[in-house]
Amino acid sequence: MSSITQRITNFASGSAKSRVTAQNDNDVVIVAAVRSAITKGRKGGFKDTHPEEYLSAVLRAVYTKANLDPSLIEDVSVGNVLPAGGGAAAARMAALAAGIPNSSAVNTVNRQCSSGLTAISQIANEIFAGQIDIGIGAGVESMSHGYGKGAMAEYSEKVLANPEAEDCLIPMGITSENVAAEYNISRAVQDEFAAKSFQKAAAAQKAGKFKDEIVPIKVKFVDPKTEKETEIVVDSDDGIRDGVTAQSLAKLKPAFSPTGSTHAGNASQVSDGAAAVLLARRSVAKRLGLPIVGKFVTSAVVGVPPRIMGVGPAFAIPKVLEKTGLTKDEIDFYEINEAFASQAVYSVQTLGVPFEKVNLNGGAIAIGHPLGCTGARQVATGLNIAKQTGGKVFVTSMCIGTGMGMAAVFVSEQ
């Protein structure tokens with residue numbers, strides 16, 4: 001039976017949860033998923049390191065963790081939003097430096113904040129289609145090097161005459177304010193959500209819950225005061241702050257509008273980081289004796305108005321659940337990117353999902369949001385949470401700049 005025919009058969013019979021958790025030889029399985037620590041842009045552990053260096057480290061770590069001969073990796077897709085020089089060369093160099101031979105192909109993909117998940121989905125679909133048997137979906141971002149005025153560009157006035165095209169240039173912070181105003185998400189509600197993100201992340205970090213997903217990476221670091229260069233090991237997220245409360249966040253001034261509600265404490269952090277997910281056809285993974293830790297089920301993308309781009313998860317998650325036949329209650333937990341508290345709160349409220357099932361170890365407000373990395377980071381984090389909690393089926397999702405959303409369903413087999 002072809003992989004496509006088998007997938008159609010699987011989705012056409014039995015209960016939804018039994019279908020997605022069933023094991024078939026043509027499944028796309030995950031044999032390893034790792035990430036770097038997420039560090040503060042221009043201030044944190046990776047501020048003096050080029051992104052291809054920590055991308056290379058996670059690529060090497062992901063196939064090493066699975067004890068896979070790298071010559072069997074057929075394709076590598078890397079999500080990257082702010083690449084220098086177009087990005088493709090840096091990704092290829094990172095793969096080669098990671099010990100992946102030149103016989104393995106590499107490409108980069110940019111769907112803004114979902115780029116890491118888009119890369120995973122691309123590799124999964126190549127496996128489903130029979131084009132490859134083993135590949136890596138990854139993501140990387142250096143907001144220390146790529147973020148800011150240098151990333152701005154000029155556009156055609158003729159194209160910008162279209163109002164929605166022009167809306168694609170609205171600063172992300174203003175889109176957050178638009179969501180808050182349009183859907184009555186108060187500052188107090190946003191600050192409470194953000195504080196809980198910090199509290200969950202700080203508790204998880206103290207308990208060592210991130211250690212299994214993070215690859216320690218040795219890099220050079222320049223002390224901003226003494227300008228002395230030393231070598232450090234980056235092995236923990238340095239944007240997480242303990243002791244944050246809704247009351248402490250209430251003291252911060254709005255960042256984008258004098259009368260607004262979005263500020264530095266309830267928006268995702270500018271960050272650096274990388275993550276990688278190694279995928280394979282189940283039959284091949286079994287034949288090679290690779291450890292199977294999870295399964296990619298499917299993903300979905302949607303478009304939404306650019307001026308309120310943050311609502312994307314509220315539309316992408318129902319779409320991916322519809323494709324699988326799953327109900328929201330059959331999902332054990334959700335990893336929904338916290339670009340801003342306003343849009344994350346709106347998405348969770350609109351979905352009708354209990355906040356207790358969302359971002360169990362905190363989200364991007366506390367941990368950080370390296371744009372191209374996040375979609376892959378969420379999968380490494382999700383699998384780690386599933387192992388810790390016994391959760392089986394989880395969803396990852398994020399909003400996407402210029403007005404989109406993406407979501408995917410995964411099954412843990414740990």
Side-chain angles (χ1 to χ4, degrees), residues 20 28-30 33-35 38 77 79 109 111-125 137-139 141 197 200-201 210 213 268 273-279 293-302 310 312-324 326 328 330-339 343-344 347-348 351 353 355 357-389 391-400 404-414:
V20 301
V28 174
V29 297
I30 298 168
V34 299
R35 68 175 179 95
I38 307 302
S77 183
V109 61
R111 201 201 294 268
Q112 304 276 62
C113 305
S114 74
S115 297
L117 182 56
T118 299
I120 292 168
S121 183
Q122 176 197 316
I123 294 298
N125 286 331
E141 207 68 62
S197 182
K200 288 184 288 186
F210 294 122
E213 66 196 67
S268 58
V277 179
L278 180 57
L279 303 115
V293 297
K295 180 173 78 167
F296 172 93
V297 181
T298 194
S299 65
V301 290
V302 297
F315 297 88
I317 292 174
K319 184 174 180 180
V320 81
L321 293 181
E322 181 183 7
K323 287 184 178 298
T324 60
L326 292 164
K328 64 186 180 185
E330 290 178 300
I331 306 304
D332 294 310
F333 63 89
Y334 294 79
E335 278 289 312
I336 299 176
N337 191 44
E338 302 167 354
Q343 58 78 213
S347 296
V348 176
L351 292 164
V353 172
F355 280 91
K357 292 178 75 170
V358 178
N359 302 347
L360 274 59
N361 288 345
I365 288 172
I367 298 169
H369 176 28
L371 305 175
C373 164
T374 290
R377 193 277 300 170
Q378 287 179 312
V379 178
T381 299
L383 287 167
N384 193 24
I385 288 172
K387 187 176 182 180
Q388 293 163 0
T389 64
K392 193 76 172 172
V393 182
F394 67 94
V395 165
T396 68
S397 185
M398 67 287 294
C399 61
I400 302 169
M404 288 174 277
M406 188 170 187
V409 176
F410 296 89
V411 174
S412 172
E413 297 186 9
Q414 300 168 95

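Below, all heavy atoms of this structure are taken into account, side chains as well, without hydrogens, waters or symmetry copies.
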Contact summary for [X] and [Y], nearest pair of heavy atoms:
{"X": "G375", "Y": "I120", "result": "O-CD1, 4.1 Å"}
{"X": "G363", "Y": "S197", "result": "N-OG, 3.0 Å"}
{"X": "I38", "Y": "C373", "result": "CD1-SG, 4.2 Å"}
{"X": "H369", "Y": "A364", "result": "CB-CB, 3.8 Å"}
{"X": "S77", "Y": "Q122", "result": "OG-OE1, 3.0 Å"}

If you round to the nearest 0.5 Å, how far is [atom2] of [Y] from [atom1] of [X]?
{"X": "I400", "Y": "S115", "atom1": "CD1", "atom2": "OG", "value": "8.0 Å"}
{"X": "T374", "Y": "N337", "atom1": "OG1", "atom2": "CG", "value": "5.0 Å"}
{"X": "L279", "Y": "I123", "atom1": "CG", "atom2": "CD1", "value": "7.5 Å"}
{"X": "L117", "Y": "M406", "atom1": "CG", "atom2": "CE", "value": "4.0 Å"}
{"X": "S268", "Y": "L371", "atom1": "OG", "atom2": "CG", "value": "7.5 Å"}
{"X": "E330", "Y": "L321", "atom1": "CD", "atom2": "CG", "value": "9.0 Å"}

Heavy atoms of other groups near K357 NZ, more than 12 under 6.0 Å: yes

E322, CD: over 12 other non-hydrogen atoms inside 6.0 angstrom: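 No, the 6.0 Å shell around CD holds no more than 12 heavy atoms from other groups.
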
Does a side-chain heavy-atom distance below 4.5 Å link [X] with [Y]?
{"X": "V297", "Y": "V393", "value": "no"}
{"X": "F410", "Y": "L383", "value": "no"}
{"X": "V277", "Y": "F296", "value": "no"}
{"X": "K392", "Y": "V411", "value": "yes"}
{"X": "V301", "Y": "S121", "value": "no"}

Verdict with reasoning, E335 to R377, per salt bridge (charged side-chain N to carboxylate O under 4.0 Å, His left out): CA-CA 10 Å; E335 278 289 312; R377 193 277 300 170; 3.7 Å; yes

Full working for side-chain contact (heavy atoms from CB on, under 4.5 Å) between I336 and I317: CA-CA 10 Å; I336 299 176; I317 292 174; 3.9 Å; yes

I'd like to know if the side chain of [X] and the backbone of [Y] have a donor-acceptor N/O pair within less than 3.5 Å.
{"X": "D332", "Y": "F394", "answer": "no"}
{"X": "E338", "Y": "A344", "answer": "no"}
{"X": "K200", "Y": "N359", "answer": "yes"}
{"X": "K387", "Y": "S412", "answer": "no"}
{"X": "Q414", "Y": "A386", "answer": "no"}
{"X": "E141", "Y": "G372", "answer": "yes"}
{"X": "Y334", "Y": "V348", "answer": "no"}

With A316 via side chain to side chain contact (heavy atoms under 4.5 Å, CB included) - residues at least two apart: V302, S397, A407

Set of residues satisfying side chain to side chain contact (heavy atoms under 4.5 Å, CB included) with respect to C399, sequence neighbours excluded: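 M309, P313, A339, Q343.
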
